[in-house]
Colleague: 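Quick one: the structure is below, questions incoming.
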Protein chains: 2
Amino acid sequence: MVTITDIAKALGVTPSTVSRALSGSPRVKEETRRTVEETARSMGYERNVMASNLRRGRSSIVGIIVPRIYREFFSNVIGGAESILNEAGYNVLICQTHERREAELQALHTLRKNQVACVLMSHAIETEDPAPIAEALGDIPLVQFDRVFRSLPGAKVVNDNYESAYAATRHLIANGYRRVGTLAGHLCCEAFSDRLRGYRKALEDSGLAYDESLVFQDCILRETGWDAALQAAEAGCDALYSAGDFSALGAMEALRWKGLSLPRDFGIVGTADETFASLMSPSLSSLGQHAFEMGRVAAKAFLFRSQATTVISMELHIRESSNRNSICQK
Amino acid sequence: MVTITDIAKALGVTPSTVSRALSGSPRVKEETRRTVEETARSMGYERNVMASNLRRGRSSIVGIIVPRIYREFFSNVIGGAESILNEAGYNVLICQTHERREAELQALHTLRKNQVACVLMSHAIETEDPAPIAEALGDIPLVQFDRVFRSLPGAKVVNDNYESAYAATRHLIANGYRRVGTLAGHLCCEAFSDRLRGYRKALEDSGLAYDESLVFQDCILRETGWDAALQAAEAGCDALYSAGDFSALGAMEALRWKGLSLPRDFGIVGTADETFASLMSPSLSSLGQHAFEMGRVAAKAFLFRSQATTVISMELHIRESSNRNSICQK
DNA sequence: GTTATTAATGCAAACGTTTGTATATTTGTT
DNA sequence: AACAAATATACAAACGTTTGCATTAATAAC
């Protein structure tokens with residue numbers, strides 16, 4: 001392995017000069033820099049990141065913490081962040097929490113130990129108190145995305161959950177559904193509580209009553225979606241806005257099992273636009289997130305040391321599960 | 001930050017003793033070790049991985065290279081590997097190649113620079129020549145999974161592609177399909193060529209002719225699946241074994257568009273058992289891979305310095321798209 | 001021509017750990 | 001009691017980079 005000392009010897013200068021030349025310090029002559037760079041290239045030099053990190057007390061790794069990498073949304077966010085960060089010379093260390101608080105703290109700890117340059121994170125559902133996160137991070141910058149804690153400092157990238165849930169609910173109402181319920185997520189999580197607020201506002205703006213018994217909390221899994229849908233149907237519901245696609249899927253299965261037909265008897269709109277949404281039959285209407293873009297924005301927030309909150313719009317994909325108007329036209 | 005020197009001073013010993021005590025060297029007295037460990041804990045000591053890595057010339061990071069993290073198969077392999085590696089004190093650095101050779105070499109380079117302890121890898125489809133991989137790795141151990149090059153040294157973990165494709169094809173034949181084609185992958189990739197061999201053997205064992213015109217190469221995408229299915233149907237095919245689920249999906253859509261009914265007029269079995277396979281209507285029969293287990297096995301192969309090749313069985317999930325027998329019984 | 005100013009490089013001390021070799025201590029053997 | 005063997009710890013040199021401070025060389029100011 002060739003080191004800066006080797007280069008220095010070859011050129012009759014000191015390692016400091018080589019180091020400065022290679023890291024673009026303005027303290028070396030332009031000509032020297034060129035010579036050094038050339039020699040480095042010809043000798044096949046590669047900077048030893050370990051040594052560099054040790055000395056600088058900070059690595060060129062960015063940590064990303066997500067609940068689960070196999071959720072399409074998160075893997076796409078990761079992909080987006082990676083595309084920006086790799087470009088900028090950073091590597092990405094990915095940790096999964098599986099929605100568990102303990103695993104989340106463990107991950108933060110791991111990243112701290114690796115002295116990552118920054119942490120991009122979407123917190124676990126279990127997490128209610130953000131204070132330990134701040135503590136575990138120390139002075140490492142934090143960029144939150146999707147699921148964010150307002151009270152933590154640093155940049156944030158979120159979806160327009162309120163507006164999109166509003167739009168999705170209005171869409172159901174516009175299709176003639178009159179008793180619209182919702183499969184809500186965990187309300188301690190702002191992304192989910194915002195969706196609930198948007199849903200509620202849509203009902204109110206349409207002159208429909210907001211009925212607490214049609215709000216199913218902590219309902220984002222296929223199983224809980226199934227149960228909630230049956231209860232909802234029992235309660236006279238004829239449509240559901242779901243804060244997730246998996247619970248929407250469970251709901252559709254339950255309703256079909258009950259003999260109801262979508263979108264004729266019942267309308268559903270999900271959130272996340274998982275691949276299966278468009279492949280099911282009937283296909284599931286869903287709010288698509290610009291996950292890749294969200295990752296890019298989060299990564300840039302770190303690179304530019306932004307502290308801003310960016311809002312990214314979701315996109316309503318209207319499909320068979322809610323589109324009664326076009327079915328009628330057929 | 002508290003260092004081993006701090007601990008040493010507090011105890012009146014030298015850093016070397018502390019280092020040895022903490023890393024479990026047999027060269028310190030049992031009593032000393034206990035005292036050191038206790039003091040370390042009480043002082044809140046954490047080993048500086050940068051310094052450790054620099055000195056040892058090797059990091060406690062394992063690199064994983066996959067074509068795409070959002071493929072469920074790969075994200076589950078990653079999850080499995082992570083579960084073992086984290087336990088053993090390693091962290092995981094994930095790189096995507098997007099099936100591109102250049103990105104693959106770049107990733108290897110990155111990992112080499114980070115002096116990873118090992119690389120777990122499933123190569124890109126574009127890659128035909130494994131030599132540059134070996135070169136880029138230097139003396140870093142390699143564990144290949146799913147898509148492997150026999151000629152490279154090191155452990156390998158693969159599916160029983162030959163046997164499973166054989167079983168899937170036999171299943172189609174047992175359901176009365178008589179002209180079975182296949183959507184094959186890139187045959188330079190052993191995983192795919194093995195599936196083709198299994199398919200062929202099944203035909204031969206069943207007394208059916210192997211017809212090259214029913215073999216569609218490089219066909220693993222939704223779009224190519226669509227085209228191939230139409231050609232296949234034109235050629236008198238009544239069933240397809242597909243080496244991927246996305247091409248199987250495209251094929252199903254094309255056939256339905258053509259007015260054919262599954263499984264009545266046409267049978268399909270895919271490979272990978274993506275989530276959508278069970279959710280579609282008709283649901284798609286598919287060969288499920290034990291992805292999580294594959295990740296665990298690959299990680300263990302590294303930890304135990306194994307050089308062996310492990311074969312993991314796939315599982316045939318029989319669903320509506322191929323199950324004509326049970327439909328008839330209805 | 002002397003002095004102040006700037007520019008370019010050199011010097012040397014870190015960063016925190018690991019490890020080969022040396023030293024001191026204990027134990028065992030005769 | 002003397003010596004060998006073992007055990008336990010200390011010493012010191014790395015690992016390759018970065019960076020504050022010192023030094024030298026070049027330019028500008030008077």
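All values below were derived from every heavy atom in this structure, side-chain atoms included, with hydrogens, water molecules and symmetry-related copies excluded. Below, chains carry the letters A, B, ... as their sequence lines are ordered, and counting in each starts from 1.
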Colleague: What string of B, S and - do you get for nucleotides 7-16 of chain D 5' to 3' if you count protein non-hydrogen atoms under 4.0 Å?
Modeller: -SBBBBBBBB
Colleague: Only one of A/Q106, A/E126, A/E128 passes side-chain contact (heavy atoms from CB on, under 4.5 Å) with A/R101; say which it is.
Modeller: A/E126
Colleague: Whole-Å distance between C/dT19 C1' and B/L22 CG?
Modeller: 15 Å
Colleague: Is any side-chain heavy atom of B/L142 closer than 4.5 Å to one of B/P153?
Modeller: no
Colleague: Would a distance-only check, ignoring hydrogens and angles, find a side-chain to backbone donor-acceptor pair under 3.5 Å from A/Q115 to A/N53?
Modeller: no
Colleague: Please state how far atom CD1 in A/I7 lies from atom C1' in D/dT17, giving the value in whole angstrom units.
Modeller: 12 Å
Colleague: Considering only distance and modelled atom types, tabulate donor-acceptor pairs under 3.5 Å from the side chains of residues 14-22 of chain A, sequence neighbours left out.
Modeller:
residue	atom	partner	partner atom	Å
A/T14	OG1	A/S16	OG	3.3
A/T14	OG1	A/T17	OG1	3.3

Colleague: Rounded to whole angstrom units, what separation is found between the CD atom of A/Q115 and the P atom of C/dT17?
Modeller: 10 Å
Colleague: Is a side-chain N or O of A/N159 found less than 3.5 angstrom from the main chain of A/N161, in a donor-acceptor match?
Modeller: no
Colleague: Assess whether a salt bridge exists between A/E190 and A/R147, defined as any Lys/Arg side-chain N lying under 4.0 Å from an Asp/Glu carboxylate O.
Modeller: no
Colleague: In whole angstroms, how far is the P atom of D/dA25 from the CD atom of A/E31?
Modeller: 17 Å
